[in-house]
Amino acid sequence: MSDRPSPQPRSSYRVFRKIPTRWMDNDMYGHVNNVVYYSWFDTAVNTHLIERGALDIHQGKTIGLVVETRCNYFAPLAYPQTVEAGIRVVRVGTSSVQYEIGLFAEGAETAAAQGHFVHVYVDRETQRPVKLPPALQAVVDELRT
């Protein structure tokens, strides 16, 4: 019996963000390099948090540090495609959040790749964990499945 996840449908995710691929995203085999997928995870989640007023990357007292990541690949993505990143939250602690991201070829019904990362939110200066600020907690609650 395999523990390998199955690709999730669009309906599994709460919000979506379009991300255009770039020429430099492709590797020598003609599809997106693995490291780019993690960049898309980070871009999708942090852009959503910034736009919703839950994260100030320049002046905010609280920042999120990635402490865990994972990605499973199901179908190739390549330039020139537009990727649609679905976001949801599956676990919330006092100072941590596990975000799950599904990466879809534009218009596709199942994920080409999906994974997660865990942010631990810390005080910018001390780097010690802090309770989720109210604005962040509100956005995280909207993303919960």
Side-chain angles (χ1 to χ4, degrees), residues 1-60 62-124 127-130 132-133 135-145:
M1 188 180 277
S2 173
D3 290 335
R4 179 166 167 74
S6 299
Q8 296 292 301
R10 283 182 175 275
S11 60
S12 296
Y13 297 92
R14 305 285 290 167
V15 299
F16 284 85
R17 169 155 312 278
K18 287 185 181 234
I19 303 173
T21 57
R22 305 165 302 171
W23 172 258
M24 66 185 252
D25 293 338
N26 283 3
D27 62 18
M28 61 197 238
Y29 303 111
H31 50 50
V32 171
N33 191 293
N34 294 358
V35 71
V36 176
Y37 288 78
Y38 288 100
S39 174
W40 290 339
F41 287 178
D42 201 34
T43 296
V45 170
N46 285 307
T47 301
H48 184 73
L49 296 177
I50 291 165
E51 287 179 353
R52 300 281 292 130
L55 181 64
D56 178 346
I57 60 172
H58 299 293
Q59 304 287 325
T62 302
I63 60 172
L65 301 179
V66 175
V67 298
E68 179 180 308
T69 62
R70 178 182 179 139
C71 186
N72 294 99
Y73 306 92
F74 305 107
L77 295 168
Y79 173 84
Q81 284 182 295
T82 297
V83 173
E84 296 174 328
I87 307 166
R88 65 185 177 199
V89 167
V90 295
R91 191 172 308 141
V92 180
T94 303
S95 61
S96 64
V97 178
Q98 181 172 326
Y99 299 94
E100 288 189 350
I101 303 93
L103 299 174
F104 296 78
E106 190 170 35
E109 285 302 315
T110 57
Q114 64 198 31
H116 74 262
F117 71 83
V118 177
H119 265 163
V120 171
Y121 289 92
V122 301
D123 179 89
R124 180 186 295 273
Q127 300 286 291
R128 299 299 307 154
V130 297
L132 300 179
L136 177 60
Q137 184 70 58
V139 173
V140 165
D141 289 343
E142 293 171 358
L143 295 171
R144 286 184 96 158
T145 56

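In what follows, every heavy atom counts, from backbone to side chain, and hydrogens, waters and symmetry copies are set aside.
Residue Arg17 holds its CZ atom at 7.5 Å from CD1 of Ile19, rounded to the nearest 0.5 Å. Distance CZ/Phe16 to CD1/Ile101: 12.0 Å, rounded to 0.5 Å. Atom-to-atom distance recorded for Arg14:CZ and Glu100:CD is 13.5 Å, nearest 0.5 angstrom. Separation of atoms OH (Tyr79) and CZ (Arg22) is listed at 11.0 Å; rounding is to 0.5 Å. The distance from atom NZ of Lys18 to atom CD of Glu84, rounded to the nearest 0.5 Å, is 4.5 Å. Residue Glu106 holds its CD atom at 10.0 Å from OG1 of Thr21, rounded to the nearest 0.5 Å.
For the side-chain contact (heavy atoms from CB on, under 4.5 Å) with Val97, the lone residue among Leu132, Leu49, Val45 that qualifies is Leu132.
Contact check for Ile57 versus Ile63: no side-chain heavy atoms found under the 4.5 Å cut-off. Within the 4.5 Å cutoff, the side chain of Val15 has no heavy atoms near those of the Glu142 side chain. The closest side-chain heavy-atom distance from Thr62 to Asp56 is not below 4.5 Å. Side-chain contact check for Cys71 versus Gln114: every heavy-atom pair is 4.5 Å or farther apart. Trp40 is listed as a side-chain neighbour of Leu103, based on a closest heavy-atom distance under 4.5 Å. When side chains are defined from C-beta on, Arg144 counts as touching Val89, because their heavy atoms get closer than 4.5 Å. Looking at heavy atoms from C-beta onward, Tyr121 lies out of side-chain contact with Ser96 at the 4.5 angstrom threshold. Two residues are said to be in side-chain contact when any heavy atoms from C-beta on lie closer than 4.5 Å; Arg128 and Val122 fail this criterion.
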Would you please test Thr145 and Val90 for side chain to side chain contact (heavy atoms under 4.5 Å, CB included) and show each step? CA-CA 6 Å; Thr145 56; Val90 295; 4.0 Å; yes
Under the side chain to side chain contact (heavy atoms under 4.5 Å, CB included) criterion, do Phe74 and Asn72 qualify, and how do the steps go? CA-CA 7 Å; Phe74 305 107; Asn72 294 99; 3.8 Å; yes
Side chain to side chain contact (heavy atoms under 4.5 Å, CB included) for Val36 and Met24? Distances and angles first, verdict last. CA-CA 10 Å; Val36 176; Met24 66 185 252; over 6 Å; no
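Between Arg70 and Pro5, the closest heavy-atom pair is NH2-CD, 4.1 Å. Considering every non-hydrogen atom in both Ala54 and Val139, the closest pair reads CB-CG2, 3.7 Å. The two residues Ile87 and Ala44 have their closest heavy-atom pair at CD1-O, 3.5 Å. Of all the heavy atoms in Ala105 and Gln81, the pair that sits closest is CB-NE2, 3.7 Å. Residue Gly60 comes nearest to Arg124 through the heavy atom pair O-NE, 2.7 Å, listed as atom of the first residue, atom of the second, then distance. Residue Ala111 comes nearest to Pro7 through the heavy atom pair O-CB, 3.4 Å, listed as atom of the first residue, atom of the second, then distance.
Figure legend: cation-pi geometry between Arg10 and Phe104, with NZ or CZ positioned under 6.0 Å from the six-membered ring centre and within 45° of its axis.
In this pair, Tyr37 and Tyr73 present their aromatic rings perpendicular. The plane angle is above 60°, beyond the 30 to 60° band.
Listed for the Thr47 side chain is a donor-acceptor partner under 3.5 Å among the backbone atoms of Thr43.
Here the two rings, on His119 and Tyr99, have centers that are under 6.0 Å apart.
The environment of Arg91 atom CZ is sparse: at most 12 non-hydrogen atoms of other residues, nucleotides or ligands sit within 6.0 angstrom.
No side-chain donor-acceptor contact under 3.5 Å links Gln127 and Asp123.
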